[in-house]
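Following: one structure in structure tokens, then a few remarks.
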2 protein chains.
Amino acid sequence: MGRNKTYDRANALTKARDLFWAKGYEGTHLQELVEATGMNRFSLYAEFGGKEGLFLEALGNYIDEANSTYDRLLCSEPLGLANIRDYFGDIRFSRDYAGCFLINTLTEKHVVTSEAFKLARRTAKRAQELFLRNLEAAVVSGELSEERDAVALSKLLITIDQGLAIYGIVTPSNRDKSGIVGQLDALLGPSIDAATSPA
Amino acid sequence: MGRNKTYDRANALTKARDLFWAKGYEGTHLQELVEATGMNRFSLYAEFGGKEGLFLEALGNYIDEANSTYDRLLCSEPLGLANIRDYFGDIRFSRDYAGCFLINTLTEKHVVTSEAFKLARRTAKRAQELFLRNLEAAVVSGELSEERDAVALSKLLITIDQGLAIYGIVTPSNRDKSGIVGQLDALLGPSIDAATSPA
DNA sequence: CCGATTTCAGAACGATAGGTCTAGAATACT
DNA sequence: AGTATTCTAGACCTATCGTTCTGAAATCGG
């Protein structure tokens with residue numbers, strides 16, 4: 001009973017996400033959110049509780065998508081270096097906008113709510129954990145020398161992952177990113193065969 | 001003639017830089033700047049022209065320091081891999097605050113003035129250029145195999161450089177960063193002797 | 001010590017921020 | 001059709017934004 005909504009909740013979240021993504025929390029004003037989402041202020045408050053709630057849910061929306069990419073590429077059996085190569089091979093397609101919303105939120109640590117910041121940080125740590133699992137599997141299978149420090153390497157990989165988002169702001173060229181990702185062979189070994197030349 | 005200033009310009013710039021660094025352009029409010037710098041609003045406008053001018057000059061101040069670090073470590077003769085190792089060896093000491101002001105500004109692309117954004121981007125590109133020069137010198141001296149793609153590798157290095165700033169927000173541990181930097185041996189060869197094992 | 005000059009402290013400005021409220025339009029049950 | 005309910009559009013609220021202005025305090029030349 002009652003009047004029908006003229007907005008679509010999922011679409012509104014997407015539009016809000018894009019705005020927060022591009023302009024950050026403080027840089028995005030409620031009036032812009034109203035115009036972009038097609039919601040009036042009243043409905044925006046009834047639905048999301050306000051700017052903070054909308055931000056948190058928009059970030060959650062972004063992170064859900066990011067996690068599904070992580071799951072698809074970094075959790076597929078068998079775990080190993082191929083997953084990591086696939087992930088970085090895919091990266092240049094997925095993030096070509098204004099960097100990465102998750103990372104932008106990390107840099108806004110002292111502006112967003114601690115809940116939002118922790119959500120972003122938790123997601124970043126999860127990605128590192130997934131890298132690590134694949135590296136450890138690669139050591140077990142002999143793909144990666146057991147002399148390599150898998151933990152440190154997983155941290156380097158998440159560092160590169162995050163760095164690519166920043167690099168994409170400075171140089172939004174997918175061709176460039178491909179060149180960078182190609183350099184990972186030096187870290188993981190070429191993709192054809194496993195690294196089989198210990199010193 | 002006239003009353004003496006009660007503020008120190010250089011100190012005010014440092015304080016403003018720290019605020020913008022931590023909270024970004026929109027996240028930093030004029031009242032906070034007034035309190036942190038010790039300047040009254042009138043003087044702040046007379047001296048810097050307003051919030052935008054103060055931001056630009058604070059960013060310039062940060063970038064001048066960053067460039068002097070780049071110059072000291074990446075321009076010392078002879079150019080080569082040792083410079084790059086020194087740079088990354090030094091990095092864990094220099095950036096332990098809320099990430100990197102330069103990178104935060106990049107993520108605020110759609111919020112800051114285009115002048116500020118371009119200043120940040122120009123600095124990032126210069127760093128990449130310095131990496132490249134050292135890599136090319138390393139190829140000439142035989143430190144680095146000439147089969148390596150120095151351009152792509154320089155892009156990977158700046159990606160790691162930028163990624164470390166983000167990583168430091170998620171995990172502000174210098175020990176962690178040391179572990180990551182140690183992994184660079186796999187990219188550049190161990191630091192004792194040059195990489196001398198072509199396929 | 002006086003008048004010109006410069007800075008200070010903070011009041012005041014218009015604009016706009018995030019948030020709330022209301023009158024009316026649209027819907028669904030009876 | 002009537003009525004209760006739900007949403008819309010936008011006016012409205014207070015607070016605060018970045019900015020400007022004002023009168024008093026401090027400094028210097030004469």
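Being a predicted model, the structure only gives us computed values, none of them experimental. What you see below is based on every heavy atom in this structure, not just the backbone, and it leaves out hydrogens, waters and symmetry mates. Protein chains get the first letters and strands the later ones, always in sequence-line order, with residue 1 at the start of each.
For DNA chain D, the neighbouring residues in residues 30-39 of chain B, judged by any heavy atom under 4.0 Å, are B/Leu30.
Taking atom CZ on B/Phe55 and atom P on D/dG18, their separation rounds to 13 Å, with Å as the unit. Regarding A/Phe42, its CZ atom lies at a distance of 17 Å from the P atom of D/dA11, rounded to whole Å. Summarising the geometry, the separation between CZ on B/Arg41 and C1' on D/dG18 is reported as 7 Å, rounded to the nearest angstrom. In this entry the distance linking CD of A/Glu47 with C1' of D/dT8 reads 14 Å, nearest Å. Per the geometry, CG belonging to A/Leu44 stands 17 Å off C1' belonging to D/dT6, to the nearest Å. Taking atom CG on A/Asn40 and atom P on D/dA11, their separation rounds to 13 Å, with Å as the unit.
Clustering of Ile, Leu, Val, Met, Phe, Trp and Tyr side chains at separations under 4.5 Å places B/Leu132 together with B/Val151. Under a 4.5 Å side-chain heavy-atom cut-off, the cluster of Ile, Leu, Val, Met, Phe, Trp and Tyr residues that includes B/Phe42 has no other member.
Evaluation of the salt bridge (charged side-chain N to carboxylate O under 4.0 Å, His left out) test over residues 111-128 of chain B, restricted to residues two or more places apart or in two chains, returns B/Asp71-B/Arg126. Residue pairs that meet the ring pair (Phe, Tyr, Trp, His ring centres under 6.0 Å) test with at least one member in residues 130-170 of chain A, sequence neighbours left out, are A/Tyr87-A/Phe131, A/Phe88-A/Phe131.
Each end of the helix from C/dA4-D/dT27 to C/dT30-D/dA1 gets its own axis from five base pairs, and the two axes differ in direction by 0°, given to 10 degrees.
A search for side chain to side chain donor-acceptor pair (under 3.5 Å) contacts involving B/Arg148 returns nothing, not counting sequence neighbours. Every residue was checked against the side chain to side chain donor-acceptor pair (under 3.5 Å) condition with A/Lys15, not counting sequence neighbours, and none meets it. The side chain to side chain donor-acceptor pair (under 3.5 Å) check on B/Asn40 picks up B/Ser43, with sequence neighbours excluded.
Between the B/Glu143 side chain and the B/Leu81 main chain, a donor and an acceptor come within less than 3.5 Å of each other. One N or O on the side chain of A/Glu32 and one on the backbone of A/His29 form a donor-acceptor pair closer than 3.5 Å.
Nearest-nucleotide positions on DNA chain D place A/Ala46 closer to the 5' end than the other of A/Ala46 and B/Gly50.
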Let me check something: any side-chain donor-acceptor pairs from residues 47-59 of chain B under 3.5 Å, sequence neighbours excluded? List them with distances.
from, atom 1, to, atom 2, distance (Å)
B/Glu47, OE1, B/Lys5, NZ, 3.4
B/Glu47, OE1, B/Tyr7, OH, 2.5
B/Glu47, OE2, B/Arg9, NE, 2.6
B/Lys51, NZ, B/Tyr25, O, 3.0
B/Lys51, NZ, B/Thr28, O, 2.8
B/Glu57, OE2, B/Arg9, NH1, 2.8
B/Glu57, OE2, B/Arg9, NH2, 3.0

Worked verdict on B/Asn83 versus B/Ser76 for side-chain hydrogen bond (donor to acceptor under 3.5 Å, both in side chains): CA-CA 7 Å; B/Asn83 281 353; B/Ser76 77; 3.0 Å; yes
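Scanning DNA chain C 5' to 3' for nucleotides with an atom closer than 4.0 angstrom to a non-hydrogen atom of chain A gives a first and last hit of C/dA17 to C/dC29.
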Taking N or O atoms only and anything under 3.5 Å, show me the protein contacts with nucleotides 27-30 of chain D, one pair per line.
from, atom 1, to, atom 2, distance (Å)
D/dT27, O4', B/Gly2, O, 3.4
D/dT27, O2, B/Gly2, N, 3.3

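Atom CG of A/Leu106 is separated from atom SG of A/Cys100 by 8.0 Å, given to the nearest 0.5 angstrom.
Contact between the side-chain N/O atoms of A/Thr6 and the OP1/OP2 oxygens of D/dT8 is found at a separation under 4.0 Å.
Few gaps surround CD on B/Gln31; more than 12 heavy atoms of other groups in view lie less than 6.0 Å from it.
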